Amino acid sequence: MGVRTRGIGIKAALSGWNLSWAGLWRNQQGEWWLLGQGVLILAVIILPGWPQSALADLNLIWRNCLMISGGSLLTGGVVLAVASFLALGDNLSPLPEPKPGIQLVQSGPYRLCRHPLYLAVLICAAGVMLMRQSTLHLALLIALAMTLRGKAKREELGLVRRHPDYRTLFSGKPAILAWIPGLNWSIEDAS
């Protein structure tokens, strides 16, 4: 028997993604957005901070404050990601094209914004940026934010197609983060 969380099977959540090489080649379900997201997340994780001396003039107390703040953001982002995964359950898909038969989720982190998983990824990337004290990681964070914005807009087109009430149910919620320009748009702007 598979692991179950609050009545949600892990196996069911990880199935039905319809990933294929042909789909990737033709970008049928938005695979290019997923590929871009994956490359940027990998870059955030494995690339060293650059330039190394960007904040070398800061005293040790400030550098440690940045490290602690970054670690706190990273931890908070991971917690938000786990909560979002659990709330999505069987609806989980790495692709922007929603899986057939999904239900709209409005509980857990989805009460706060329309794309809390993308918010979690950005919070984690911001934490790594602070921990590495890196200009390169700031650029990666911006590129990741732009990629997730494009992926989220494509996702919303699919959600509106499958669930016409999506507009009504989610129109008052921020897309990813309300107070950062570019990370909040109306559902109509995604069309």
Side-chain angles (χ1 to χ4, degrees), residues 2-19 29-31 33-42 44-45 70-130 140-160 162-163 165-180 182-187 190:
V3 177
R4 296 187 69 78
T5 306
R6 295 185 340 173
I8 300 166
I10 300 288
K11 186 176 179 182
L14 299 177
S15 66
W17 292 355
N18 298 321
L19 293 171
Q29 300 178 83
E31 288 88 348
W33 288 112
L34 175 62
L35 183 62
Q37 173 187 344
V39 166
L40 288 167
I41 289 172
L42 191 60
V44 165
I45 293 169
S72 298
L73 279 175
L74 182 58
T75 302
V78 169
V79 168
L80 178 59
V82 169
S84 300
F85 278 126
L86 292 175
L88 272 178
D90 295 351
N91 299 310
L92 179 66
S93 174
L95 297 167
E97 190 62 34
K99 292 187 334 188
I102 65 158
Q103 302 298 314
L104 293 177
V105 176
Q106 298 181 67
S107 60
Y110 289 86
R111 293 176 313 205
L112 307 173
C113 70
R114 299 191 308 260
H115 303 283
L117 266 173
Y118 299 156
L119 176 58
V121 169
L122 293 175
I123 290 171
C124 289
V128 171
M129 177 197 67
L130 289 176
L140 290 170
L141 175 62
I142 292 168
L144 187 56
M146 292 170 40
T147 301
L148 292 175
R149 173 189 163 94
K151 185 179 177 193
K153 284 187 165 196
R154 167 130 186 204
E155 184 177 325
E156 288 186 345
L157 289 173
L159 287 168
V160 167
R162 290 187 192 268
H163 295 280
D165 54 340
Y166 179 82
R167 276 192 174 96
T168 306
L169 293 172
F170 289 87
S171 65
K173 293 182 184 171
I176 297 175
L177 199 56
W179 48 272
I180 295 188
L183 293 182
N184 191 24
W185 60 88
S186 73
I187 293 170

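All heavy atoms count here, side chains included; hydrogens, waters and symmetry mates do not. This one's a predicted model, so the numbers in the text were calculated from it and none came from an experiment.
Here the shortest heavy-atom pairing between V78 and C124 reads N-SG, 3.6 Å. Of all heavy-atom pairs between L92 and K99, the closest is O-NZ, 3.2 Å. Of all heavy-atom pairs between E97 and S93, the closest is O-OG, 4.2 Å. S107 and A87 get closest at one heavy-atom pair: O-CB, 4.0 Å.
When atom types are taken as modelled, the side chain of H163 and the backbone of I102 share a donor-acceptor pair closer than 3.5 angstrom. Side chain of N184 to backbone of A175: a donor-acceptor contact under 3.5 angstrom is found. Between the side chain of R149 and the backbone N or O of G182, at least one donor-acceptor pair lies under 3.5 Å. The backbone N or O of Y110 sits less than 3.5 Å from a side-chain atom of K173, completing a donor-acceptor pair.
Separating the CD1 atom in I187 from the CG atom in L169 is a distance of 8.5 Å, to the nearest 0.5 Å. To the nearest 0.5 Å, atoms OH (Y118) and CG (L80) are separated by 13.5 Å.
Using modelled atom types, one finds no donor on one side chain facing an acceptor on the other under 3.5 Å when comparing E155 with W33.
Each of L35, L40, L34 was scored for a side chain to side chain contact (heavy atoms under 4.5 Å, CB included) with T147, with one residue passing: L40.
The shortest distance between side-chain heavy atoms of L141 and V44 does not fall below 4.5 Å.
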